[in-house]
Asker: 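To start, I am sharing the structure in question, which I have written as structure tokens.
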Amino acid sequence: MLRPPTILIFDSGLGGMTVLREVVAARPDARYVYVADDAFFPYGHHSEQEIIARVVPLIGELIDRHAPDLVVIACNTASTLVMSYLRQAYKIPFVGTVPAIKPACAQSQTRRVSVLGTKGTVQREYTRGLIRDFAQGCEVTLVGSPELASLAESALSGHEVPDRAILAELAPCFVGSGETSRTDTIVLACTHYPLLLDRFVRLAPWPVNWIDPAPAIARRVADLLGPAAGESRDERAEMFFTSKKPHTLSRALAPFFGGRALA
Ligand code: DGL
């Protein structure tokens with residue numbers, strides 16, 4: 001029988017869990033290692049040079065330690081910078097997470113789309129290139145949020161996060177007025193944001209489509225790995241935190257993952 005693959009999912013923190021959730025659903029037979037580089041969180045506050053210098057050697061160490069068959073960089077702030085360096089340095093398949101601008105613009109009816117990401121992600125040349133290539137005539141508003149990823153981490157750790165703090169970051173995404181010309185589609189360009197999606201939907205001044213790239217990432221992983229190697233495994237992902245701080249996540253994660261915490 002084929003050996004079940006090991007998939008390593010990497011993020012600056014817990015946002016990659018939103019990608020892990022979808023990848024597990026697509027490949028329930030795989031073994032999962034989840035690494036949060038929380039010692040360096042938030043990535044959105046670091047320069048491009050700092051992120052490249054941090055992530056490229058760290059992924060090399062993780063490959064040596066965990067021998068994955070595939071690595072998912074479940075972080076837009078890192079993926080929009082490091083994928084070509086990783087592919088050059090290491091000979092295993094990588095799947096990145098980048099703003100889903102193409103599908104968002106393809107489905108917008110009002111031709112007004114917002115991209116909500118970290119300040120780093122919205123400044124990247126890579127993101128600008130996606131808009132040049134795939135906006136398909138849509139007006140795209142880039143919204144760099146300084147605090148949302150940290151607010152999502154706080155919510156996951158069981159802290160109270162006030163509505164006004166979330167709304168302050170969200171409000172610039174809503175542009176225009178009148179049902180036929182205002183923003184109707186928002187790209188969740190940071191893997192932390194789907195953790196707050198219920199709050200976003202409730203606080204939004206009008207209904208929009210929220211685009212989460214995680215299902216497409218999961219499909220890409222499944223395509224690269226080929227057919228499943230066996231039965232579903234029931235074990236949880238092994239989790240590692242670069243800070244080595246103790247985390248008591250299971251209880252806090254449960255509401256975000258339909259009652260079944262993955263860690
Ligand atoms: N989850 C990360 C992303 O997708 C970034 C959060 C951060 O570390 O700033 O961009």
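Along the sequence shown, residues are numbered consecutively beginning with 1. Both ligands and their constituent atoms are indexed starting at 1 by order of listing.
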Asker: For ligand 1, which atoms have a heavy atom of Asp11 less than 4.0 angstrom away?
Answerer: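 Going through ligand 1 atom by atom, the ones under 4.0 Å from Asp11 are 1 (N), 2 (C).
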
Asker: Below a 4.0 angstrom heavy-atom separation, can you tell me which part of Asn76, side chain or backbone, both or neither, approaches ligand 1?
Answerer: both

Asker: Regarding atom 1 (N) of ligand 1: of the candidates His192, Lys119, Met17, which has the closest heavy atom?
Answerer: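 Among His192, Lys119, Met17, the closest heavy atom to atom 1 (N) of ligand 1 belongs to His192.
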
Asker: May I ask you to list the atoms of ligand 1 that are less than 4.0 angstrom from any heavy atom of Ala149?
Answerer: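 Listed by number with element: 6 (C).
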
Asker: Starting from atom 5 (C) of ligand 1, which protein heavy atom do you reach first, and at what distance in Å?
Answerer: Thr77 OG1, 3.4 Å

Asker: State, without any angle test, whether Thr121 and Thr77 hold a side-chain donor-acceptor pair at a distance under 3.5 Å.
Answerer: yes

Asker: Heavy-atom contacts under 4.0 Å between Thr97 and ligand 1: side chain, backbone, both, or neither?
Answerer: neither

Asker: Considering only heavy atoms, does Cys75 approach ligand 1 within less than 4.0 Å through its side chain, its backbone, both, or neither?
Answerer: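 Within the 4.0 Å criterion, Cys75 contacts ligand 1 through backbone and side-chain atoms alike.
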
Asker: If we only consider heavy atoms of Gly15, is any one of them less than 4.0 Å away from an atom in ligand 1?
Answerer: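 So Gly15 does not count as touching ligand 1.
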
Asker: Which ligand 1 atoms does Phe41 reach within 4.0 Å, using its non-hydrogen atoms?
Answerer: 7 (C), 8 (O)

Asker: Please determine whether a side-chain nitrogen of the Lys or Arg among Arg202 and Asp163 lies less than 4.0 Å from a carboxylate oxygen of the Asp or Glu.
Answerer: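 Looking at Arg202 and Asp163, the cut-off is met.
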
Asker: So, Arg132 and Glu125, do they make that salt bridge, N to O below 4.0 Å?
Answerer: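 The answer is yes: the pair qualifies as a salt bridge.
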
Asker: For Thr97 and Asn76, which I'm curious about, is there any donor-acceptor pair between the side chains at under 3.5 Å?
Answerer: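 The criterion, which ignores hydrogens and geometry beyond distance, is not satisfied for Asn76 and Thr97.
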
Asker: Is there side-chain contact between Val23 and Val19, with heavy atoms separated by less than 4.5 Å?
Answerer: yes

Asker: Please state which part of Cys190 comes within less than 4.0 Å of ligand 1, counting heavy atoms only: side chain, backbone, both or neither.
Answerer: both

Asker: When you compare the side chain of His192 with that of Phe41, does any pair of heavy atoms fall below 4.5 Å?
Answerer: yes

Asker: May I ask you to identify the nearest protein heavy atom to atom 9 (O) of ligand 1, giving residue, atom name and distance to one decimal place in Å?
Answerer: Gly44 N, 2.9 Å

Asker: Of all the non-hydrogen atoms in the protein, which one sits nearest to atom 7 (C) of ligand 1, and at what distance?
Answerer: Tyr43 N, 3.3 Å

Asker: Is Arg54 close enough and on-axis enough to Phe40, meaning under 6.0 Å and within 45°, for cation-pi?
Answerer: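 Satisfied, under 6.0 Å and within 45°.
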
Asker: Between Arg31 and Thr6, is there a side-chain donor-acceptor contact under 3.5 Å, judged purely by atom types and distance?
Answerer: yes

Asker: How about Tyr43 and Asp11: does a side-chain donor come under 3.5 Å of a side-chain acceptor?
Answerer: no

Asker: Would you check whether Thr121 has a nitrogen or oxygen atom less than 3.5 angstrom from a nitrogen or oxygen atom of ligand 1?
Answerer: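 Among all N and O atoms of Thr121, none is under 3.5 Å from an N or O of ligand 1.
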
